[in-house]
2 protein chains.
Amino acid sequence: MLDKKSLRILKILQEKARIPNTEVSRLVGLAPSAVLERIRKMELQGIIDGYEVRLNPERFLRNQVAFINVEYDGGFDGDGAIGQALAAIEEIQEVHYIAGKDSYLVKLRVADTRELGNVLRDKIITIEGVLSTNTSTVLQTYKETARISIR
Amino acid sequence: MLDKKSLRILKILQEKARIPNTEVSRLVGLAPSAVLERIRKMELQGIIDGYEVRLNPERFLRNQVAFINVEYDGGFDGDGAIGQALAAIEEIQEVHYIAGKDSYLVKLRVADTRELGNVLRDKIITIEGVLSTNTSTVLQTYKETARISIR
DNA sequence: TATGAAATCAACTGTTT
DNA sequence: AAACAGTTGATTTCATA
């Protein structure tokens, strides 16, 4: 479905999404108009979902990462209501429903452990149906990317 | 440190990083050259780390997400050697060292559970010092973003 | 730090192969 | 699908406020 040139374009965009099209065209050996058309097509097909700036969390007081296991009472989770309530919390970056454990795994970013406590107390355990939480705080991050290796 | 206009620019770039500067300038009410200079400065200061394309994982056979707890023998983790070895695995998107548990938490993306098994068997448990793994597979994802709310 | 003018370069369209 | 040429529009620099 995607040929070598398109994969090449995506790899370039994964590194530097704000690169000019003409530079991409030089790198992949196509005319700028051809590159433009390929990118457009991939955007329309939903292969490319968008472009994001990567901000440095340290500069925005979002240095503390934590993962939280959220257990709940099944009676309150119709249509994933709890997952949606968790997703609405701004400090939470990821909400996953985990197989087998009947629980959600949540990733969040806050300034420090004090703020972590506040979010837990004020925003998470107050969700109707949430029974308990189990927090793992991160001491060090060795890798953190949304990149997928393209093949 | 960052005034209202710069925050506004960052918010715009978080949504659409490939937006032309002139359009940003119209949105924030500054001249294009002023927008350019602000963005340049934030790039140099490390506030902006880069720009990424967001690809649709389904289109690249990366639909299965899993979180893996990796326990290890402390004697083999000098200088975070195990964290680094985990980070080098292409299917792994995140590697975090977790407080208290003496373990790593890893997030990965693969095509399916078969591939998950292969990565575990061939790439993770083969790292010297890794004692055991505990995998949580994701059934549904409600939210998944690297965005931080700017303030 | 912002603006505005001017130059360079890129984006985009239409046409052709 | 791609290239080419032409037009529109964006980026960038610089002088100035």
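Chain A is the first sequence line, chain B the second, and so forth, proteins listed ahead of strands; every chain is numbered from 1. Side chains are part of it too, since the values below use all heavy atoms of this structure and drop only hydrogens, waters and symmetry mates.
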Nearest whole angstrom, please: distance from the [atom2] of [N] to the [atom1] of [X].
{"X": "A:I39", "N": "C:dT13", "atom1": "CD1", "atom2": "P", "value": "14 Å"}
{"X": "A:E37", "N": "C:dG14", "atom1": "CD", "atom2": "C1'", "value": "12 Å"}
{"X": "B:M42", "N": "C:dT1", "atom1": "CE", "atom2": "P", "value": "11 Å"}
{"X": "B:K5", "N": "C:dT1", "atom1": "NZ", "atom2": "C1'", "value": "12 Å"}
{"X": "A:L36", "N": "C:dG14", "atom1": "CG", "atom2": "P", "value": "13 Å"}
{"X": "A:E43", "N": "C:dA11", "atom1": "CD", "atom2": "P", "value": "13 Å"}

Describe the nucleic acid contact of [X] in one word from base, sugar-phosphate, nothing, applying a heavy-atom distance below 4.0 Å.
{"X": "B:A34", "answer": "base"}
{"X": "B:K41", "answer": "sugar-phosphate"}
{"X": "B:R18", "answer": "nothing"}
{"X": "A:T22", "answer": "sugar-phosphate"}

Looking at [Y] and [X], is there a salt bridge between them, counting it only when a charged N and a carboxylate O are closer than 4.0 Å?
{"X": "B:K123", "Y": "B:E91", "result": "yes"}
{"X": "B:K143", "Y": "A:E94", "result": "no"}
{"X": "A:K11", "Y": "A:E15", "result": "no"}
{"X": "A:R8", "Y": "A:D3", "result": "no"}
{"X": "B:E90", "Y": "A:R147", "result": "no"}
{"X": "A:K107", "Y": "A:E144", "result": "yes"}

Original post:
Looking at A:N134, A:T133, A:N69, which one forms a side-chain hydrogen bond (donor to acceptor under 3.5 Å, both in side chains) with A:S103?
Top reply: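 For A:S103, the side-chain hydrogen bond (donor to acceptor under 3.5 Å, both in side chains) test succeeds with only one of A:N134, A:T133, A:N69, which is A:N69.
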
Subject >> Short side-chain N/O contact to C:dA11 OP1/OP2 from A:R40, under 4.0 Å >> reply: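 Checking A:R40 against C:dA11: no side-chain N or O falls below 4.0 Å of OP1 or OP2.
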
Original post:
chain A on DNA chain D: first and last contacting nucleotide, 5' to 3', under 4.0 Å to a heavy atom?
Top reply: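 Boundary nucleotides touching chain A, in 5' to 3' order, are D:dA1 to D:dC4.
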
Original post:
So which one's nearest nucleotide on DNA chain D is more toward 5', B:P32 or A:P32?
Top reply: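 The answer here is A:P32.
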
